Amino acid sequence: MIVYTGGTFDLFHSGHSRLLERCKNIAGVGGQVVVSVNPSEFCAQYKEPPICELFERMEVVSSCKWVDKVIINTGGADSKPAILEAKADVIVVGSDWETKDYHKQMGFTQEWLDEHNIKVIFVPYSEHISTTIIKSRILDRMFQ
Ligand code: CTP
């Protein structure tokens with residue numbers, strides 16, 4: 001099974017590695033985890049630009065033992081090109097997206113997913129760690 005997951009993966013942290021481990025477990029024996037990383041210009045459109053450049057974030061994600069392949073989310077708000085490039089069977093995302101309109105955020109519809117026989121699986125979000133939390137820890141340390 002090919003598992004697709006996407007994100008910015010800036011300042012790679014344990015929430016990211018746990019998500020990727022869950023992806024690998026879902027992919028199963030002989031399965032693959034393909035990670036689609038957002039270009040910096042795209043991130044800057046909806047939140048602040050990442051600290052690390054796209055190539056730096058891709059290099060770190062590639063080094064994670066749960067990851068088989070890293071691609072660029074070339075479609076930006078439309079994740080369909082990257083999902084098709086990955087040949088995904090399953091899309092995995094953290095449960096922080098469960099209460100939001102994930103389909104709209106990703107630029108696909110349930111019909112499109114059904115047509116391509118792709119399932120979406122939400123996995124537990126890791127509390128108390130995120131890129132935003134790391135940035136505020138650094139700021140707190142600098143100004144304490
Ligand atoms: N994720 C997670 N647990 C966390 C942080 C992220 O499971 N503590 C998951 C998200 O649900 C998403 C993926 O990791 O599927 C990539 O998230 P990303 O936005 O790159 O990381 P965040 O740390 O959430 O970034 P930010 O604080 O800027 O929102």
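Because the structure is a prediction, the values reported are computed rather than measured. Each ligand, and each atom within it, is numbered from 1 in the order the structure gives.
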Heavy-atom distance under 4.5 Å between the side chains of Met58 and Ile72, does that happen here? yes
Are any of the N/O atoms in Thr131 less than 3.5 Å from those in ligand 1? yes
Tell me: protein heavy atom nearest atom 5 (C) of ligand 1, and distance? Tyr125 CE1, 3.4 Å
If we set the cut-off at 4.0 Å for heavy atoms, which region of Thr8 has an atom near ligand 1: side chain, backbone, both, or neither? both
Around atom 9 (C) of ligand 1, find the nearest protein heavy atom and jot down its residue, atom name and distance. Leu19 CD2, 4.0 Å
Considering only heavy atoms of Ser130, which atoms of ligand 1 have at least one such atom less than 4.0 Å away? 23 (O), 27 (O)
Enumerate the atoms of ligand 1 whose separation from the nearest heavy atom of Gly94 is less than 4.0 angstrom. 11 (O), 15 (O)
Judged on heavy-atom distance to atom 3 (N) of ligand 1, which of Ser17, Cys43, Ser126 sits nearest? Ser126
Under 3.5 Å: donor-acceptor pair, side chain of Arg57, backbone of Asp10: no
Taking side chain as C-beta onward, heavy atoms only, is Asn73 less than 4.5 Å from Pro39? yes
Within a reach of under 6.0 Å around CG of Asn117, are more than 12 heavy atoms found that belong to other residues, nucleotides or ligands? no
With nothing but distance in play, are any N or O atoms of Lys47 less than 3.5 Å from an N or O of ligand 1? yes
Examine distances only and state if a side-chain atom of Thr5 and a backbone atom of Val92 form a donor-acceptor pair shorter than 3.5 Å. yes
Polar contacts were defined as any N/O atom of the residue lying under 3.5 Å from an N/O atom of the ligand; does this apply to Pro124 and ligand 1? no
Region of His16 engaging ligand 1 - heavy atom pairs below 4.0 Å: side chain
Can you check whether Asp96 has an N/O within less than 3.5 Å of an N/O in ligand 1? yes
Step-by-step side chain to side chain contact (heavy atoms under 4.5 Å, CB included) determination, Ile91 to Phe108: CA-CA 12 Å; Ile91 298 168; Phe108 52 57; 3.7 Å; yes
Quick check: does Thr132 get an N/O under 3.5 Å from an N/O on ligand 1? yes
Under a 3.5 Å distance rule, please check whether Ser79 uses its side chain to pair with a backbone N or O of Met106 as donor and acceptor. yes
Determine whether a donor-acceptor pair (N or O, by modelled atom type, separation under 3.5 Å) exists between the side chain of His16 and the backbone of His13. yes
Applying a strict under-4.5 Å side-chain criterion to I, L, V, M, F, W and Y, I'd like to know whether Val120 and Trp112 cluster together. yes
Is there a heavy atom in Lys135 that sits closer than 4.0 Å to ligand 1? no
Could you check whether Gln105 and Asp101, counting side-chain N and O atoms only, form a donor-acceptor pair closer than 3.5 Å? no
Could you identify the single nearest non-hydrogen protein atom to atom 20 (O) of ligand 1 and state the distance to 0.1 Å? Phe9 N, 2.8 Å
Could an N or O of ligand 1 be found under 3.5 Å from any N or O of Gly7, whether backbone or side chain? no
Have a look at ligand 1 and work out which part of His13, if any, has a heavy atom under 4.0 Å from it: side chain, backbone, both or neither. side chain
